[in-house]
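Side chains included, hydrogens not; waters and symmetry mates left out as well; all remaining heavy atoms used.
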Number of protein chains: 2
Amino acid sequence: MANLTKCIDMMDEGIGRVSLVIPQMPAAEARLSRLMLMVGSSLEEELEAKLKPHKLNHSDFLTLMILYSRPDGHSTPGELCEFASQGATNMTRIANALVKRGLITRRAGEADRRCVLIHITAAGRRLVQKMLPPLFPRIGAMFTGFSEADKRQLSRLLRKLAHNLDRLSEDPHPPRTPR
Amino acid sequence: MANLTKCIDMMDEGIGRVSLVIPQMPAAEARLSRLMLMVGSSLEEELEAKLKPHKLNHSDFLTLMILYSRPDGHSTPGELCEFASQGATNMTRIANALVKRGLITRRAGEADRRCVLIHITAAGRRLVQKMLPPLFPRIGAMFTGFSEADKRQLSRLLRKLAHNLDRLSEDPHPPRTPR
DNA sequence: AGAAAACATTTCACCAATGAAGTAAAAGAT
DNA sequence: ATCTTTTACTTCATTGGTGAAATGTTTTCT
């Protein structure tokens, strides 16, 4: 929406001022969290803009990509929810939309008839193969000026952060420390 | 929602398989982008969970924090839109909600009567001061195992990525290169 | 001064995502 | 064997966020 660099400058100053009033604030970590949030949502915005011409939003696209990247091209709603980090309700909507466009099929499971089996169709594969290559230049451009070492570092640090986030949400009580 | 580490493993495998079919894909960069998106939205989820008890969502909270962190505690809807990366429509809704709760006031601008002046109230400041400290332990915990050098690296790399994203969206045409 | 252009904000209509309740199948208990 | 519990998914009602048009204000042009 607006200029990211400007927002970051503003955030830096803001945290600086707040930490004068509330000195026990972990200012460096707060800055890092805000940076992650800002860069993450800017990246998401960028991605959504590239998907819009294909009438797909992020979660539709991600769902389709998960199916595409599976060895057998199929899955179940529950599994898709898990890997696409979506609620079951929303996955129903996504699947309805993708079925309507002929990109996936949905049929009853055979072994366990509670499950629904979702398969990517040939048209779904064609769409993915058509839309991915135009994305590559921008993905590359995002990392201009990054050395190989920079990329490795970033990967390492993000994975470490992910690990910590997992630990945090396993043990989700803030007031009570359940030993 | 689900386990982040598991989703990341799944993503790594998925990109591995896709890049066998589409070898010109910049796999390392694609992985980094997905990592950013996944960690970013997990962080957002974590934050929203902490805000929910106060009946604030991320954009409400961010708006209030921007006002709180201003030297004079005031701003205009336009400026808030810019720094909170929100559309004007949504800022109207946010301001309505915060006014109704007595956390901000909204009155006509004096110099330029097209503008609206938004001030944080004493109750708004009190709320911020009450809700920030319980956030600190979790912010710290997110970065356990990060050395000082790690934090500096992460900050540097995120800012570099932000810079590249700004350059990308200034010049937004993918097919045509408008020289 | 009066008309036109540019701005700041709000209203309206819509879409995506969520939570709570509902339906159906499978697994487990008695 | 059947009754209960659990699992998998869908439906319905609501919330958060967006784009397009509307309103009121200031600035600019002639």
Distance check needed: [N] [atom2] versus [X] [atom1], whole Å only.
X: A/Glu79; N: D/dT7; atom1: CD; atom2: P; value: 17 Å
X: A/Asn96; N: C/dA17; atom1: CG; atom2: P; value: 13 Å
X: B/Glu45; N: C/dG19; atom1: CD; atom2: C1'; value: 15 Å
X: A/Asn90; N: D/dC9; atom1: CG; atom2: C1'; value: 14 Å
X: A/Leu98; N: C/dA16; atom1: CG; atom2: P; value: 12 Å
X: A/Arg113; N: C/dT23; atom1: CZ; atom2: C1'; value: 14 Å
X: B/Glu44; N: D/dG16; atom1: CD; atom2: P; value: 14 Å
X: A/Glu110; N: C/dA26; atom1: CD; atom2: C1'; value: 17 Å

Quiz prompt | OP1 or OP2 of D/dT10 under 4.0 Å from side-chain N/O of A/Arg106 | solution =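 Yes.
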Quiz item: D/dG16 phosphate, OP1 or OP2: any side-chain N/O from B/Gln86 under 4.0 angstrom?
Solution: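 Negative; the distance criterion is not met.
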Self-check item: Closest heavy-atom pair and its distance - A/Lys55, A/Arg101
Solution: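 Heavy atoms only, the tightest pair is O-NH1, 2.8 Å.
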Quiz item: Taking atom types as modelled, is there a side-chain donor on A/Arg159 or A/Ser155 under 3.5 Å from an acceptor on the other?
Solution: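 A donor-acceptor contact under 3.5 Å links the two side chains.
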Exercise. Could you say whether B/Arg93 or A/Leu117 is positioned toward the 5' end of DNA chain D, judged by the nucleotide with the nearest heavy atom to each?
Key: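 It is A/Leu117 whose nearest nucleotide is closer to the 5' end.
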Quiz item: Rounded to the nearest 0.5 Å, how far apart are CG of B/Asn57 and CG of B/Leu62?
Solution: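 Rounded to the nearest 0.5 Å, the CG-CG separation comes out at 10.0 Å.
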Exercise. Please figure out whether A/Arg114 or A/Ile94 has its closest DNA chain C nucleotide nearer the 5' end.
Key: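 On the 5' side of the pair lies A/Ile94.
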Self-check item: 5' precedence on DNA chain C between A/Glu48 and A/Asp112 (nearest-nucleotide basis)
Solution: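 Here A/Glu48 is the residue nearer the 5' end.
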Any ion pair linking [Y] and [X] (charged N to carboxylate O, less than 4.0 Å)?
X: A/Arg113; Y: A/Glu110; value: no
X: B/Arg17; Y: B/Asp12; value: no
X: A/Asp72; Y: A/Arg70; value: no

Self-check item: salt bridge (charged side-chain N to carboxylate O under 4.0 Å, His left out) contacts touching residues 147-157 of chain B (sequence neighbours left out)
Solution: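 Qualifying pairs: A/Glu29-B/Lys151, A/Asp150-B/Arg156, A/Arg156-B/Asp150, A/Lys160-B/Asp150, B/Glu148-B/Lys151.
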Quiz prompt | Among D/dA8, C/dT9, D/dT10, the one nearest A/Cys115 by side-chain distance | solution =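 Closest nucleotide to the A/Cys115 side chain: D/dA8.
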Quiz item: In residues 52-63 of chain B, what residues come within less than 4.0 Å of DNA chain D, judged by heavy atoms?
Solution: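 Within this stretch, B/Asn57, B/Ser59 sit under 4.0 Å of the strand.
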Quiz item: Can you find a donor-acceptor pair, distance only, under 3.5 Å between B/Thr89 side chain and D/dG19 base?
Solution: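 Under the 3.5 Å cut-off, the side chain and the base do form a donor-acceptor pair.
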